[in-house]
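The structure presented is a predicted model; accordingly, all values stated were derived computationally and were not measured.
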Amino acid sequence: LIITCPCALGLATPAAMLVACGVATRKGILIREPDSLERLIKVRQVVLDKTGVVTEGKPKVTQYVPNPTADVDKRQLLTKAAAVERYSEHPLGRAVVRAFEEENWGDLPEATMVKNKPGLGLTAWIDGHEIRVGRIEFVLGDNPDPAIKHPVLQTQQPTTWIACAEEGHFLGWLGLEDCIKSDARK
């Protein structure tokens with residue numbers, strides 16, 4: 001017959017939770033509620049906000065895909081997108097402006113009546129024409145075109161695609177990539 005005291009288990013569990021929270025904190029993981037560790041066993045999938053967490057947090061424009069029917073080139077596409085995105089605080093918008101500046105093409109055209117639609121994109125007027133930059137559904141507005149799809153290109157990193165349209169006519173895509181941090185685990 002073996003008799004044990006349940007007090008050991010009652011003391012060991014909270015102590016283990018405390019140690020686990022301390023180790024996690026030293027590795028840059030904040031655990032606000034230690035009992036959330038017990039619920040972690042039920043987690044089947046983790047979704048991370050990747051900008052700056054898993055990646056460098058410095059997206060770059062790496063792809064330019066002008067619409068062949070729009071009669072625009074890389075310069076025109078990037079100029080219109082950057083003129084609108086210069087008013088954005090989003091990291092992708094800043095990357096578009098940075099890409100324009102790196103080309104040394106001079107000054108951006110003046111954009112007026114800029115409106116930010118969070119989660120969708122921006123609208124502005126340049127030389128009397130409405131320019132939209134952002135998600136394809138927003139950019140095309142009342143002119144959806146099921147034939148327009150995200151480009152499928154082989155790249156090293158996942159690509160985020162930003163669409164650009166003028167007066168509801170699709171101008172093209174800008175592809176942005178953000179390098180995965182070297183210390184991020186696969």
Side-chain angles (χ1 to χ4, degrees), residues 28 46-184:
V46 176
V47 178
L48 300 173
D49 175 13
K50 73 172 188 79
T51 305
V53 176
V54 175
T55 61
E56 300 282 334
K58 297 174 188 165
K60 291 184 69 158
V61 178
T62 58
Q63 307 284 336
Y64 301 89
V65 184
N67 179 1
T69 64
D71 195 33
V72 294
D73 59 15
K74 170 187 169 181
R75 183 176 184 160
Q76 293 164 317
L77 176 62
L78 182 57
T79 299
K80 290 178 189 216
V84 175
E85 290 285 10
R86 124 171 85 185
Y87 298 96
S88 174
E89 296 177 7
H90 195 282
L92 298 179
R94 288 194 300 265
V96 171
V97 174
R98 207 170 32 253
F100 177 85
E101 290 169 348
E102 289 170 1
E103 294 289 348
N104 294 315
W105 287 331
D107 295 331
L108 284 168
E110 192 61 39
T112 60
M113 298 189 299
V114 180
K115 292 182 184 165
N116 182 9
K117 302 284 185 180
L120 298 173
L122 291 129
T123 302
W125 290 83
I126 300 173
D127 297 326
H129 298 273
E130 182 188 42
I131 308 294
R132 288 186 177 202
V133 181
R135 295 174 58 121
I136 190 67
E137 304 85 2
F138 169 73
V139 164
L140 294 180
D142 296 331
N143 302 319
D145 184 346
I148 299 173
K149 305 227 183 293
H150 290 102
V152 179
L153 303 171
Q154 296 296 327
T155 60
Q156 293 287 72
Q157 305 290 338
T159 304
T160 300
W161 294 100
I162 296 177
C164 183
E166 181 173 354
E167 299 291 337
H169 301 288
F170 179 64
L171 296 178
W173 295 101
L174 299 174
L176 294 96
E177 296 179 8
D178 194 357
C179 295
I180 295 174
K181 287 182 180 177
S182 59
D183 62 345

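In terms of heavy-atom proximity, Ala95 sits nearest to Val61 at O-CG2, 3.9 Å. The shortest non-hydrogen separation linking Ile162 to Val96 is CD1-CG2, 4.2 Å. Summarising the geometry of Thr79 relative to Leu108, their closest heavy-atom pair is O-CD2, 3.7 Å, with the distance given to 0.1 Å. The heavy-atom pair separating Ala82 from Val97 by the smallest distance is O-CG2, 3.7 Å. When all heavy atoms are compared, the tightest approach of Ala81 to Val133 is CA-CG2, 3.8 Å.
Partners of Ala165 under the side-chain contact (heavy atoms from CB on, under 4.5 Å) rule, at least two apart in sequence or in another chain, are Val139. Residues that satisfy the side chain to side chain donor-acceptor pair (under 3.5 Å) test with Glu101, not counting sequence neighbours, are absent from this structure. With sequence neighbours left out, the salt bridge (charged side-chain N to carboxylate O under 4.0 Å, His left out) criterion links Arg135 to Glu137. When the side-chain contact (heavy atoms from CB on, under 4.5 Å) test is applied to Lys117, the partners found at least two apart in sequence or on another chain are Leu120, Phe138. Taking Asn116 as the reference, nothing meets the side chain to side chain donor-acceptor pair (under 3.5 Å) condition, with sequence neighbours excluded. Residues passing the side chain to side chain donor-acceptor pair (under 3.5 Å) test with Thr69, sequence neighbours excluded: Asn67. Not a single side chain to side chain donor-acceptor pair (under 3.5 Å) links Lys60 to another residue, sequence neighbours left out.
One finds the OH atom of Tyr64 at 4.5 Å from the CG atom of Leu78 (value rounded to the nearest 0.5 Å). For the atom pair Ile131 CD1 and Leu122 CG, the distance stands at 12.5 Å (nearest 0.5 Å).
For residues 120-131, every residue pair satisfying the salt bridge (charged side-chain N to carboxylate O under 4.0 Å, His left out) rule, not counting sequence neighbours, is listed here: Glu130-Arg132. The list of ring-ring contact (aromatic ring centres under 6.0 Å, His included) pairs with a residue in residues 108-129, not counting sequence neighbours, is empty. Pairs of residues two or more places apart, or lying in two chains, that qualify as ring-ring contact (aromatic ring centres under 6.0 Å, His included) and include a residue from residues 103-124 are Phe100-Trp105. For residues 71-83, every residue pair satisfying the salt bridge (charged side-chain N to carboxylate O under 4.0 Å, His left out) rule, not counting sequence neighbours, is listed here: Lys74-Glu103, Lys80-Glu166.
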Between Trp173 and Leu77, is a side chain to side chain contact (heavy atoms under 4.5 Å, CB included) present by the stated rule, with each step listed? CA-CA 8 Å; Trp173 295 101; Leu77 176 62; 5.9 Å; no
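Side-chain atoms of Gln63 and Glu177, non-hydrogen and from C-beta on, do get closer than 4.5 Å to each other. Counting only heavy atoms from C-beta outward, the side chains of Trp161 and Leu176 never approach each other to under 4.5 Å. Between Thr160 and Pro59, every side-chain heavy-atom pair lies at or beyond the 4.5 Å cut-off.
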Residues 86-93 side chain polar contacts: donor-acceptor under 3.5 Å, at least two apart:
{"residue": "Arg86", "atom": "NH2", "partner": "Pro109", "partner atom": "O", "Å": "2.6"}
{"residue": "Tyr87", "atom": "OH", "partner": "Glu110", "partner atom": "OE2", "Å": "3.0"}
{"residue": "Tyr87", "atom": "OH", "partner": "Ala111", "partner atom": "O", "Å": "3.4"}
{"residue": "Ser88", "atom": "OG", "partner": "His90", "partner atom": "N", "Å": "3.0"}
{"residue": "His90", "atom": "ND1", "partner": "Leu92", "partner atom": "N", "Å": "3.0"}

